[in-house]
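Below: one structure, written as structure tokens.
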Amino acid sequence: MFNTLPGFREFYPQDCAKRDYIFAQWRKSAHRFAFVEFDPPVLESLELFTEKSGEEIKSQLFEFIDKGARAVSLRPEMTPSLARMVGAQANSLRKPVKWFCIGENYRYERQQKGRLRAFYQFNADILGEESLAADAEIIALLIESLRSFGLTENEFKLRLGDRDLWLLFLQNAGIPETHTTPALSVVDKIERMRPDAFFEMMQDALKGIDLDIPSLIEKIKNFVAIKTIEEMYSVFESGAFQEQAKKRIEQWKQLLNILSDMGVGSFVSPDLGIVRGLAYYTGFVFEAFQTVGTGRALAGGGRYNNLVKKLGYPDMPAVGFGMGDVTVSDLLELVGKQKSLDISPDICAIIIDESLRGEVVKTIFNLRREGINADYPFKPMQLGKQFKYADSLGAKHAVIFAPEEFSRGNVKVKDLKSGQESEIKLSEIATHIRG
RNA sequence: GUGGUAAUAGCUCAGUUGGUUAGAGCAUCGGAUUGUGAUUCCGAGGGUCGCCGGUUCAAGUCCGGUUUACCACCCCA
């Protein structure tokens, strides 16, 4: 006997129906926003991923040497492949590029609930557009796709942060550029660590700076806690970066205005505690959290204006997000909003007399060719059994083939939900069902 | 990669201080009802008790190892 490999999932039909419901909503939302779908290969050259994230990433990759002696890896994320595909045609693509992708990603990690070695992710990105309209469009798509599952402000929130403002703050405080990335990566972790660890780790990140570290850390702590535009202004009341900061905060106001015009403002809260751990983010960054249960992160993203160029392609501003299927599905289950894609047949035939079997098969196949989802029993069965079978399929109608009605060229069609039954012409089954 | 807990039928689980042939519900299949299901009743099949070894007259139960899952770290693109 064989088992699945650790962290890999297999989908029985019922699980598939749940998963495909999620995919269908994602796809629908993306199409509403006029994003087009792309799909890169599952297996890529190892270098594509180490180029973006460094050699250390290898320990978390499904990587190996293939039979042609190539160092390859299953994709842990979509962004490098996206950058390559867009980059390769950068000059001929209409801007802005609005692309999305739904695909399985692989990470060689010890799994936990909600974190497997194989997981699907919905990614959406806008490339070639610097304006705030692109940031707003991406944030709104993230929110609207969660809303399409019936989720509301009671169940999730989006926290909006800003690495640009952080950089101005850190520079204003006298922290040299070499120390900003380590400092931000400590800020990113603050909510995941024990309260007393922050001082220690930040001290470590700021090592070698000739400043009053304890008071600096105190200032950083206060900055992390900022949740309003007013507080942002008050931090930059003086200092060399005052003017730049003011400009940036004006952009905050604009972005929030656009989001409120889009009708998603109630989901968004400014929160400078959100910085995202990755060094390549360059501007607004955001994370969506469920506000029920464990408060887990559902999706995250932000602006990454330098990444495409870093990977060796033309300079292109970009903003995007990723959302996993496992966390979304767990949340839907938790709040009782999980659904399945409806794939149940429209009709199932009921054969009262076996002499009609040939006619039944003919009719069923005509209906299938007309776009009706139809099934029929393969062998003689008692009538009660046939109805049970039709019911267990979830068929919406039973089409009853009986000698008496059939001699008039008719069948009975029974609505299995209401129990209502009517006799109709053989040729009118499809129209009757489409109702 | 580190530590803790667990593993019994397809699924959810029971199984006493170690003691005859390991149980239930759901699901599946068959029948009661030869022109009507979702909501009836009866019956059947299905288990190397994760795997390997040890202790014992005797192991689902105790001990060691191993694999897998869950939880907490690490990490989180």
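Each chain gets a letter, A, B and so on, in the order its sequence line appears, and its residues count up from 1. Predicted, not measured: the structure shown is a model, and the values here were computed from it. Below, each value reflects all heavy atoms present in this structure, side chains not excepted, and no hydrogens, waters or symmetry copies.
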Q) Can you check whether Ala69(A)'s main-chain N or O pairs, donor with acceptor, with Asp66(A)'s side chain at less than 3.5 Å? A)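 Looks like yes, one N/O pair under 3.5 Å.
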
- Could you list the residues that satisfy salt bridge (charged side-chain N to carboxylate O under 4.0 Å, His left out) with Glu104(A), not counting sequence neighbours?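 Glu104(A) satisfies salt bridge (charged side-chain N to carboxylate O under 4.0 Å, His left out) with no residue once adjacent residues are dropped.
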
On a whole-Å scale, what distance lies between the [atom1] atoms belonging to [N] and [M]?
{"N": "rG4(B)", "M": "rU66(B)", "atom1": "P", "value": "12 Å"}
{"N": "rU40(B)", "M": "rG25(B)", "atom1": "P", "value": "14 Å"}
{"N": "rA7(B)", "M": "rG31(B)", "atom1": "C1'", "value": "37 Å"}
{"N": "rC70(B)", "M": "rG37(B)", "atom1": "P", "value": "43 Å"}
{"N": "rU8(B)", "M": "rA69(B)", "atom1": "P", "value": "14 Å"}
{"N": "rG43(B)", "M": "rU5(B)", "atom1": "P", "value": "44 Å"}

Fill in: Touch class at under 4.0 angstrom, heavy-atom based, for Gly7(A) against every strand present
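Sugar-phosphate, backbone atoms only, no base.
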
task: Classify the nucleic acid contact of Ile57(A) as base, sugar-phosphate or nothing, counting any heavy atom under 4.0 Å across all strands shown.
output: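 Counting heavy atoms under 4.0 Å across all strands, the contact made by Ile57(A) includes a base.
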
Quick check: on RNA chain B, is the nucleotide nearest Gln121(A) upstream (toward 5') of the one nearest Lys385(A), or the reverse? Name the residue that is more 5'.
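Nearest nucleotide further toward 5': that of Lys385(A).
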
Thr152(A) versus Glu155(A): any side-chain heavy-atom pair under 4.5 Å?
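Counting from C-beta outward, Thr152(A) and Glu155(A) do come under 4.5 Å.
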
Can you find a pair of side-chain heavy atoms, one from Ile400(A) and one from Glu421(A), that are under 4.5 Å apart?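 Ile400(A) reaches Glu421(A) side chain to side chain.
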
Result of checking Trp26(A), Tyr106(A), Phe23(A) against Tyr120(A) for ring pair (Phe, Tyr, Trp, His ring centres under 6.0 Å):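 By the ring pair (Phe, Tyr, Trp, His ring centres under 6.0 Å) criterion, Tyr120(A) pairs with just one of Trp26(A), Tyr106(A), Phe23(A): Phe23(A).
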
Under the rule of Watson-Crick or G-U wobble with both distances under 3.5 Å, where | means paired to another strand and [ ] a crossing pair, RNA chain B maps to (((((((..((((.....[...)))).(((((.......))))).....(((((..]....))))))))))))....

Using the benzene-type ring in the case of Trp, are the ring centres of Phe321(A) and Phe122(A) under 6.0 Å apart?
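Ring centroids of Phe321(A) and Phe122(A) are less than 6.0 Å from each other.
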
Nucleotide by nucleotide, nucleotides 33-52 of chain B touches protein heavy atoms under 4.0 Å in the pattern (B base, S sugar-phosphate only, - none) --BBBB-B------------

- Report the residue from Asp342(A), Asp415(A), Asp375(A), Asp391(A) that forms a salt bridge (Lys or Arg N to Asp or Glu O under 4.0 Å) with Lys396(A).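 Answer after filtering Asp342(A), Asp415(A), Asp375(A), Asp391(A): Asp342(A).
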
Any salt bridge linking Lys157(A) with Glu287(A)? Criterion: basic side-chain nitrogen under 4.0 Å from a carboxylate oxygen.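 Glu287(A) and Lys157(A): not salt-bridged.
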
